Structures are given as C-alpha cells and as structure tokens.
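Since the structure comes first, as structure tokens, the remarks are kept for the end.
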Amino acid sequence: MTGLDVVFVLVGLLTAAGAVLTVTSKNLVHAALALAVTLAGIAGVFLVLHADFLALVQLVVYVGAVAVLFLFGLMLTRAPIGREALDSQNRGLALAVSGGLFVVLSTLIVLAFGDVRVDAMTGPGIDVIGIAIFAVWVLPFELLSMLLLAALIGAIVLARREDGESGEEAEVTRIEVGDPPINESDGPPAEVAGDGQAELPAGSGGGGQA
Amino acid sequence: MSLIGPLLLATFLFCVGIYGIIARRNAVLVLMSVELMLNAVNINLVAFQNVLFPGEEAVSGLMFALFIIGVAAAEVGVGLAIVFNMFRNRATVNVDDVDLMRW
Amino acid sequence: MAQTSLPGTGLLKGLAVTVKHLFKRPATLMYPYERNELAPRTRGVIALMDENCTVCMLCARECPDWCIYIDSHKETVPPAKEGGRARTRNVLDRFAIDFSLCMYCGICVEVCPFDALWWSPEFEYSEYTMDALLHEKDKLREWADTVPPPPALDEGAEAPAEVTEAIAKAEKELEAAAQKEADKAAAAEAATTEAKAGGSGPKKADEPKVAAGEIDQETYDALIAEGKSERIARSKAKAAYVKKEKARLKAEADAGGGDAEAAPTPKAADIKVEAGQIDQETYDALIAEGKTERMARAKAKAAWVKKEKARLAAEAESAAGAGAPAGEEAEPPSPTDAAGSDQAPSTDAPAEEPAATRKLGDVHVEGTGEIDQETYDALIAEGKSERIARAKAKAAWVKKAKQAKLDEEGGA
Amino acid sequence: MTVLTSTTALAQAPSILDVGDGVVLPILLKVALVLGLFFVVPLVGGYLEHKVMGRMQNRRGPVEAGPFGSLQLVADGIKFIQKEDIIPRAADKPMFALAPGLALVPALLVFLVIPLGPGVFAVDLELGLFYALAITSISVLGILLGGWASANKFSLIGGLRAGAQLIAYELPLIITAITVAVMAGTLSLVGIVEAQANFTLPGLEGFNLWFVFPQIVGFAIFFVAAMAELSRPPFDMPIGDSELVFGYMTEYTGIKFAMFLLTEYAGMITMSALMVVLFLGGWQILPGVATPGCEGAAGIMSCDPIGIAISVLVTLAKIMGLVFLMVWARVAYPRLREDQLQRISWLVLVPLSLANLAFVTILTVVL
C-alpha cells in the first residue's frame, strides 16, 4: 500500500457510493447529484492515475455540462417522485444480473491482473496529448467533431417546439387528485376551453383525442 | 499502486449501471446509468494506459477515453432531446409506457 | 429622430455619463451630522396651537384616517356686561393625533378655520412603541414652538386682507385715542409720573407712537418667537399696538381705577417685553435634554419673553399696590404659558401661578368615555335622544371630574 | 520535436513558498496564501464596488464602518453570521444546505493557481488555465441545486436561468482562453505571463506587447463572458430582482446567503486575475518595462523581495482596475432580457470567438 493506494481507496469508495446512490435514490435530483459526485470521483480517479488532462476534461464535460444537462432534464420533465414511480418491477432481476456479472467479472479480473502493479506512473504531458490528437488521431478527432455537430443539430431539432405547438402538453397532463372523470377509461377527456363546444355536436364524449 | 483497484472500481460501476438500466423506469435515470457504464470503461482505459505505455509517447488509452467522453456528451444531448420530445407527446418519461411503435 | 451612428457609441455614452458622475460631489447629506434646511411647511409633524382651537371638530371629521381625537366640554362664560347674556364656549379637553395612523395628507391643517393646526418641519419623533406615537395636546403644543414663519411675500405683492383690515381698524381707533388723549392730557400727566416712579417699563411711556399702521414690534417679535405665522403676528401686533395705546391712555386717565378693560382675547400682551433674545439657561437645558437646536431656540425665546413678563408684572404689582393689578389678574393665563410652564425650567415666574385663580378649563381630566349616569338618566327621561344624552352625560362627567379635582387642589 | 515527457500534476515553476525541505510548512504557507487571497481580496473588491457605485450614483457609499467605510463588508459578514438561518419547510434540507458550499468551494479552489507575482502562487500547474476554467464550471451545480432545493418558483427559475447562462457563456470564455493559449504556446498561467513579456509582433521586434493589443477582440469577449459567468449586472438575469425577487438566492438567509455573495465577489477577483494573466501581462508593470529588482527572462522573473512586492502590487492593482471596469459596466447599463442574453452568447460571442480563434491560429502557424 503506497500513499497513492490510500488516496485511490478513498476516492474509489466515494465514487462507488455515489454510483449506488444514483441508481437507488428515490428523488430524481438527488440521483443527478449523486451522479455528479460519481463523475467528480472518477475525475479524482483519473488524477490518481496521473491522467490529469483527462481529469479536467471529465470535470468540464461531465460535472460542468452533462450533470447540469441532466438536472435541466429532470426539472423540465416533472417526473413524479418516489420509489414506485421511478423503479420498475424487475428490481430483483436487475440485482441478479448485475450482481452475477460483478462476481464473474471481478473474479476474472482478480485472476488475470491480481498481481500487476504500476509503480512508476508518469502521465503524458499536455504537449504529448496535443500531438497525439492532431497527428495520430486526427481523423477520429474530426469524426468526433462531426458527430458532435450532428448531435447538436439533432438535439435542437428534436427538442425544438414547433410554432403553435406550445402549451399542448397542458391537455394531456392529468392531475390525479380526487375522483377521476367518468370517461377516464376512454382516454384523456378533451375538456379544453374552447374545444369543448366543438366536441358537443360530435357527441363522441371525449374519445377523439390522443 | 496496484492495478486491481481501478479495475474493480470500473467493474463495480459498470454493474451498477446495468442495475440502473434494468431497474429504473425513468428515461433520464436510464440515461444516467448509461453514463455510469461509459465512465467505468474510461477508468479501465486510463488504468491500462498506465500499464501498457508507461512513460511513452503513445497515448491510445487516453485517446479512447477522450473520444468516449465526446461520444457520451453527444449521446446525452440527443438522448435528453428524445426524452423531452417523449415528455411533450406522451406526458411521461417512463420507458415502460413508451411501448408503441407509432402513435 | 433617426440617428445614424456607429454601433456601440451608445454604450460608450453610457460609460461617459457614469464616469462623469464619479468625479462629482456626492449629493448625500450626512444626515445625523448635518441637516437640511427644510421648507417652512414641510410635512414633518402637525402642531397644535390649542388657544386657537374652537373645538369645531372639522379636522377630526375630515381626517381620512380618523387619527384625531378631540374631547371637549362646554363652559358658561359670565356676561361681559351687566345684564348681558351668558355665553357658552367650548373648552378643549383633549386633542390628540395618532401619528401611527396619520398619513400626512394635511387635510386637517387645510380645513382648520382658526389656524390652530400647523405643519412643522420637525420629523425626528420616531418611537420604539406605537403607543408613543399618539401625541397628546401638550406634545402637539410643543411642536407649535417649532413652526417656522412662512416665506416672505413676493416683492410688490398685495398685502393680505387681514393686514389691510387691521390697518384700517387701527387707524380709526388711533383717531379716537388721540381724541381721548387730548381730553385727558392733564390727568394723564400725573399717572405717568407715578408709573415711572414704580419703574414699570420706562420704554412704554417714552414712545408715543402715532404713525398710522404701525405695529407693536414687541408683540410681533414675541408672536413670531412663539411660532405664529408672520401674517397673524403682524395683524395681532397691530391690534396690540392699538390696544396698548388705549390701555396706556386709560391707565394715565384713572391712576388706580380697576376698569377691567381686561380682554377676553388672551393674546393681547398688556405687559410687553422686547423679544428676540433667548433665555440662555432654558436653551442650554433643552439642548442638554437632546432637543433639536431649532426647538430649543424657539422655546428659549418664549421662556425669555415669559420671564420678562413675569418680572415686569411683579414690578407693576408691587408698584401699583392693591388696586392696580386687576388688569393683570383678569387676564386668563394664556394657554401658551400653561403649556410651556412645565417645559421651560424658568423657576423665577412665581407671580403668575398664584395670581391667576384656577378655572375649570385649566384642569385636565383624563376621560375614557365615562358618562355621568345621573345626567344621562335625567336626559333620557326628558325624552332626549340617546346620542345627545350620552354626549351631554359625558360632558357632565368631565365637568364634575374637573370640579372635583379643582376642589381637591383647593383643599390641599 | 523534442521529447516532451513531463511528470504531470506537478508544479512547473517553483513557488517561493516552497521553503525548506519539509512538506508541511510549504503546504501550510500555501493554504494560508490561498485562504488569505480568498477572504481579503474579494472584500477589497467589494469595498471598491460599494464606493465606486456610490460615487457614480452621486452617493457616498459606505462611510460608517471603519475608516471611510472600509470595514463595511466585514460588518456585513458579522451581521450575516448573527442572522437566523431559515430553511423553508418544503425545501430539500440537505441539498439546500449543500448548495452554497458547492458554489463556494470552486471559487476557493481557483485561487490555487492564480499567480500574483514571480513565485507568488500556490502551485503552477502545467494545465493551470484549463484547471481554472474547469473548476469554475462546477459552481453552476451549486447554483442550480440551490435554486431547486429552495422549493420556490422564483428560485427554480433563477437557478435554471443561471444554469443556461453559465453553459452559454462558458463556451466563448473557453474558446477565447484557448486563443490566448495558442498565442502563448502553453497552458501554464505563469508560462502565459512569461510569454507575454517576450511577445512581439513580427515587424515590431524589440517592441514588447501584451496579448490585449493584438487580442483586443478576445479581451472584449472574455470580459463580457466573464461578467455573464459571474451573473454580474447587466447580466444578472438569474437574480433579476425586478422579476425573480432574488433568483436562486431568494430563500437563503444568513451565512448561506453570505456564502453566495462571497462566491460572487471571489469570482470577480478570479476572473479579473485570469484576465490580468491572459491579456494584461500578469505582474509586468508596462509592456517592455522590467520590474525593478528583477532579472531573468524579460526582467520579470527571479526577483528579490522588493521586486516581488512590486510585482504583487502591480497584479493587485490590475485586478482592481478590472473590478472597477465591471462595476462601471454595472452602473452604466441596464439589465438585459433573457432572450437577448442567450442571443448575445450564441449568435455573437461564440461565432466571434471561433473566428478569432481561427484567425489567431492561422496567423500563429503562418508567421
């Protein structure tokens, strides 16, 4: 056990705890925060492994941007809170699969790399990384740029609200308080102000929407 | 330091990610679990970079990790956009409820 | 205005404006250390000159916040002349303004028909409790000392109506006085010398004022010092001048006669002093008490005037013997003095208190709406309406209470 | 190309605080330096803001606490500590308590790499510039979290606005910083200062220039983006007291609120310090002027104590100058609208900074 080992164990425990919280938390925002802790912990792991450039990239991209994006997503989607709403029924299955996988993989890893040690870790300098990116890996790098651009455009197109589309979600958002409407089973009642008059002659009683 | 630590941590994170993907219903949480798995892979890549190219100018492990981070960012962007779209159209972000091929 | 300019010049203009102000002198007044010169009618606090109040209740009715409380009772004034009709007048018992309710609209000051309410620019009367913001009559009277004179009239402005009237009246009386003077010149000679020997104000006798429209400077100054408005002071001073002349002539005419020309107007200062000086002692005491400079100065002035008056009165009394002081005695002690006497620590004015017989109006009784049940029942039995009966019963209670208090004092 | 291996995560230039052979003493000294910077310089900046803003508005600013009101912020701090710490009933209590700290710690950590003079820094990282930008990007989490945890719609909207704003303006900020790094050929903050001391334009050899002269556009972009990053007026839509009460800080009281405020002031100092290092020649007095008492490269390195003191004072003066500029902009300009804010970033600053980057890169390669 060197000093690095101790630091790694501490950071690793923090990371693992964050990961567990991420997938078990009952509150969405807590889950996102736990994810941010996990990602920051992974940045710490990178630091321990002498990949400090990568650690900073991890901070900027994951903690600074992705975690914030997730928080945005959670705050904008108004999901209900609580274990039943967040978890599906196959928790046991998930536990079995992941637990089994962990046992198998960790056994294999210990058997294969149990005695490998890296004691003279010297992370590459930023100049080495720069040269590697723009000389050896320039083609994948450019491809990645194209991918990011495409993702940017795609995300905007997907998430963009068309003209006149605004406010439509209000119709289908149900507030589940008190007695349900009579025609609940037929689908969401089309009781939109102004729309109701057009519905009456049709006489379909609210089955038209959706 | 020992290599086994980072590898075990990576395995653990990966399995936690799998658990999350299977057990969670909320699409955003599923995306988070995917991120966990991708990061687990990154830890592996960086760890092996130190084993395979110590003190050399070859940085393939770091490059892979960098690219994964980039791809993951793109994935989150598009994934969240899809989730927003789903929420707008279906008023839900539960992956169980989105089982129609068309609507 | 279509301006074609380079983009960004607006931004630079904004920066220029702000940086210009960076080097200007700050407009801040370092308030607790230095004070602003406030306009004479600044809405700081409402002052009451209760001697002017006739309990007409206009202010209390017009007050949008209902923050003025007035209690009063009626009093019968004996007929001025033999065989005349006895008159009743309202005597103010309580006048209070709740400044925690007041919204400083100034309507009460506007509607007051007798100039009893004034704006004073004093504003530092914040309190730690809301109750303390209820200013009673005495406190409101104190504020009256701080009312500054109004700004002077514009150059060439028409004189106010009351001033011109007063001038006309004074001229007429002067003529009459001159007539009288001529008639009784001989008798006057003797009286003047006697008065001079007593030492009661050599100045008074030495100044035969005959110029028309002249004002009595002493009265004027005293009134201004008391916080009266310039206009009122001027007209009153004129009246005072006329009256003074008359009094002087009369005194000259009948040396010891108790004619009791004694006026119902409390303001007419029979004994006059040169105002404008301040009583340093009072001033220092008030400053030490933490009063503002302005208030201290005003009160000190008033205190000085009062002291002088007291001194002169004492002198006159001792000089004129038993018969003479009827004039002074008949004069009801002006409420100004009554209100101020507890404030100003002028201890050397003993001549006044014992000289004046205490009357009902001088006694203050704290009433909280009690009614005199006996009166009430009697009035109800007489068929009066409930409201009237209650009001009268209340007044009766106050009167009784005052009488009781007075008796108690007399007994003690 | 020479072999460029370097042991990373280690300091490039030695700090003057690396005294003796021990480990503990330098660390203690460095912690003291960082904490001292963190708690004192923002107070000075805040005092400057109070005074300048007051005088620009024909007021006096603070006058009572301390000589010329200079202890006003200290008094404020004491007052904040005394205040009741109110947590709304509906708030998510742990998150609510965590958020100010999450916003504050990154602001503290940035001071680690800021060089005030030759050797006057805690550590000179090879990735110093990247580190500073990465650390500052974390504080958005704290703000977003604070806005959400308050269980108040004003707070939530304020937090969302802050998140959107910080992400939008981080882009031009980083791109402009990259531009400077391209010109300097290093990411180390000390290295950038040194590069500026040796920088000349082709054709003007022997005529030293700071990066602000060829990079005036970059400086403007960085300045605007920095103000937006800090939510300083006129970019204070996340706080927007006329619409959002006080944005994400609405529900915060007492010491937690003070922590948010300290974050803002510390952010002003760090961003100004970054601008000083990136564009204004660090601790160099004037372009081409060697600091008295110093020798070495361009006359700004390896100084005696007097030279170090002069250098630190020069840096602090420049920082305060930039803080003054920020305050000036705050007084002069009204708050923008939210859509204008996003438009400025995405449609003006980002394209401009990208063009600037391309231009500078091409010139650097060609020349």
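The sequence lines fix the lettering, A, B, ..., with proteins before strands; numbering per chain opens at 1. Nothing here was measured: the structure is a model prediction, and the numbers come from that model.
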- Query: Does a side-chain heavy-atom distance below 4.5 Å link Y62(A) with E35(B)?
  - Reply: yes
Between [atom1] of [X] and [atom2] of [Y], what distance do you get to the nearest 0.5 Å?
X	Y	atom1	atom2	value
F102(A)	F14(B)	CZ	CZ	12.5 Å
N85(B)	I82(B)	CG	CD1	8.0 Å
L38(B)	I43(B)	CG	CD1	11.5 Å
L66(B)	L144(A)	CG	CG	9.0 Å
E75(B)	L80(B)	CD	CG	8.5 Å

Who wins among [options] for the most heavy-atom pairs under 4.5 Å with chain B?
options	result
W137(A), F72(A), F46(A)	W137(A)
L149(A), V110(A), L93(A), V136(A)	V110(A)
L148(A), L105(A), L13(A), L54(A)	L54(A)
S106(A), P140(A), A151(A), S98(A)	S98(A)

- Message: Before you tell me yes or no, could you show the steps for L21(A) and H30(A) under side chain to side chain contact (heavy atoms under 4.5 Å, CB included), namely the whole-Å CA-CA distance, both residues' side-chain angles and the distance that decides it to 0.1 Å?
- Response: CA-CA 8 Å; L21(A) 267 180; H30(A) 290 184; over 6 Å; no
Contact part of [X] toward chain B, heavy-atom cut-off under 4.5 Å: side chain, backbone, both or neither?
X	result
V61(A)	side chain
L101(A)	both
V45(A)	side chain
T38(A)	side chain
I129(A)	both
F141(A)	both
A32(A)	both

- Which atoms form the tightest heavy-atom contact between L29(B) and T22(A), and what is the distance?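 For L29(B) versus T22(A), the nearest heavy atoms are CD2-O, 4.5 Å.
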- Start with the C-alpha distance between L147(A) and L143(A), add both sets of side-chain angles, then the distance that settles side chain to side chain contact (heavy atoms under 4.5 Å, CB included), and finish with yes or no. CA-CA 6 Å; L147(A) 172 72; L143(A) 270 178; over 6 Å; no
- Item | Proximal component of M32(B), with respect to chain A [non-hydrogen, under 4.5 Å] |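 Contact with chain A involves both backbone and side-chain atoms of M32(B).
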- Proximity breakdown for L8(B) and chain A, heavy-atom pairs closer than 4.5 Å: both
Go through [options] and name the one with the most non-hydrogen pairs under 4.5 angstrom from chain A.
options	result
G79(B), A81(B), C15(B)	C15(B)
A73(B), G77(B), S60(B), S33(B)	S60(B)
N39(B), L31(B), L62(B)	N39(B)
V78(B), I69(B), V71(B), N42(B)	I69(B)
I21(B), V30(B), V83(B), I18(B)	I18(B)
A74(B), A65(B), A47(B), G20(B)	A74(B)

- Query: Could you walk me through whether F8(A) and L49(A) pass the side chain to side chain contact (heavy atoms under 4.5 Å, CB included) check?
  - Reply: CA-CA 9 Å; F8(A) 176 81; L49(A) 293 173; 5.5 Å; no
- Message: Suppose we call two aromatic rings close when their centres sit under 6.0 Å apart. Are F113(A) and F48(B) close by that rule?
- Response: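 Under 6.0 Å, so yes.
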- Item | Audit row: V63(A), Q58(A), side chain to side chain contact (heavy atoms under 4.5 Å, CB included) steps and yes/no | CA-CA 7 Å; V63(A) 183; Q58(A) 175 90 7; 5.5 Å; no
